[in-house]
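Bear in mind the structure is a predicted one, so any value in this text is a computation, not a measurement. Counting convention: from 1, in listed order, for ligands and their atoms alike. Just so you know, these numbers use all the heavy atoms, side chains as well, and skip hydrogens, waters and symmetry mates.
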Amino acid sequence: MLFKSSITSTLTLLTFWSPVSFVAADPNNAELVGTWTSKSNTVFTGPGFYDPVDELLIEPDLPGISYSFTEDGHYEEALYRLTSDAVNHSCAIASLTYQHGTYEILANGSVSLTPLAVDGRQLLSDPCGSSGVSNPDYETTSFYSRYVQSTLFKTYQVSVDAYHGRYKLQIYQFDGSLMQPLYLAYKPPLMLPTYALNPTDKASETKDSLRKRVRRSLENQYRTTAIKEFNPGKYDLYWYMSATLLGGAAVFAFFH
Ligand SMILES: *[C@@H]1O[C@H](CO)[C@@H](O)[C@H](O)[C@H]1NC(C)=O
Ligand SMILES: *[C@@H]1O[C@H](CO)[C@@H](O)[C@H](O)[C@H]1NC(C)=O
């Protein structure tokens with residue numbers, strides 16, 4: 001389970017001195033850096049969403065999406081989407097998607113995401129077979145597959161959301177439509193290692209060495225803060241207490 005300290009009270013402080021600021025997209029990644037999550041605050045990139053050692057996607061409590069960006073041009077995407085079926089609610093399609101790779105802010109303000117093809121994964125639950133994706137296994141309604149989808153964001157804006165008192169990232173999708181707004185959750189970002197996790201040459205990597213690689217990468221991201229193991233459970237290996245200053249006003253404490 002995920003416990004999160006209440007951040008609302010400290011964050012509302014921001015609204016007193018930070019009127020909504022608008023920062024136009026220019027070729028500068030600094031403002032994108034961090035882990036962003038949608039309003040449900042349940043989906044975060046990193047080891048809580050995808051376990052690369054056992055290649056497992058882990059279902060969050062509620063649907064939502066999360067993107068992380070590093071200063072040096074890497075990104076990670078975690079999507080938990082639910083498409084309702086207006087006719088038969090038992091036919092809703094759920095998908096969990098993990099991708100990571102590199103991103104580039106183009107001179108015209110668009111952002112292009114290029115995934116590492118070997119690493120993308122999707123778990124699709126389609127109880128009525130209405131997604132049109134052929135299910136290789138008729139006995140189950142969930143199926144797991146590789147996933148590769150490059151993405152272009154037409155543009156984006158980072159602002160301070162006056163109501164929620166949080167940094168907000170508004171992405172405009174390739175066709176100009178609004179993606180659901182994202183809010184800054186972690187800075188530095190919470191991400192899996194940014195290089196290929198599943199090299200095609202499987203022989204070169206054992207589960208153990210991958211586990212060490214993932215762990216080392218996570219520890220390096222948080223080397224200035226405390227990390228400790230507190231639960232032998234498969235998905236709760238890490239406990240982050242990350243105190244991050246955002247705009248000098250907000251202190252975040254996260255417990256995983
Ligand atoms: C920016 O350039 C890319 C690549 O040529 C293009 O696909 C995209 O639509 C352009 N964005 C805008 C806002 O014009
Ligand atoms: C809805 O879909 C489920 C699963 O396929 C099926 O068992 C059920 O009969 C459907 N209900 C209706 C009202 O169509």
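The pair Arg146-Asp119 does not count as a salt bridge, with every side-chain nitrogen at least 4.0 angstrom from each carboxylate oxygen.
Of the possible donor and acceptor atoms, one in the side chain of Asn108 sits under 3.5 Å from a partner among the backbone N and O of Ser110. No donor-acceptor pair closer than 3.5 Å links the side chain of Thr45 to the backbone N or O of Leu192. Under a 3.5 Å cut-off, the side chain of Tyr103 and the backbone N or O of Thr70 do form a donor-acceptor pair.
Of all the listed residues (Gly176, Ser110, Ser112), Ser110 holds the heavy atom that lies closest to atom 11 (N) of ligand 1.
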Please report the C-alpha distance between Phe44 and Tyr186 in whole Å, then the side-chain angles of each, then the deciding distance to 0.1 Å, and finally whether the ring-ring contact (aromatic ring centres under 6.0 Å, His included) criterion is met. CA-CA 9 Å; Phe44 303 93; Tyr186 296 89; 5.6 Å; yes
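Protein heavy atom closest to atom 12 (C) of ligand 2, with residue, atom name and distance, is Asn88 ND2, 3.2 Å. The single protein non-hydrogen atom nearest to atom 7 (O) of ligand 1 is Leu152 CD2, 3.5 Å, given as residue, atom name and distance. Looking only at protein heavy atoms, the nearest one to atom 10 (C) of ligand 1 is Asn108 ND2, 2.5 Å.
Annotation: Phe174, atom CZ; neighbour count of heavy atoms from other residues, nucleotides and ligands within 6.0 Å does not exceed 12.
Distances below 4.0 Å separate heavy atoms of Cys91 from the following atoms of ligand 2: 2 (O).
Under the 4.0 angstrom criterion, atom 5 (O) of ligand 1 counts as lacking any protein heavy-atom contact. There is a protein heavy atom less than 4.0 angstrom from atom 2 (O) of ligand 2.
On a distance-only criterion, Ser90 and ligand 2 share no N/O pair closer than 3.5 Å.
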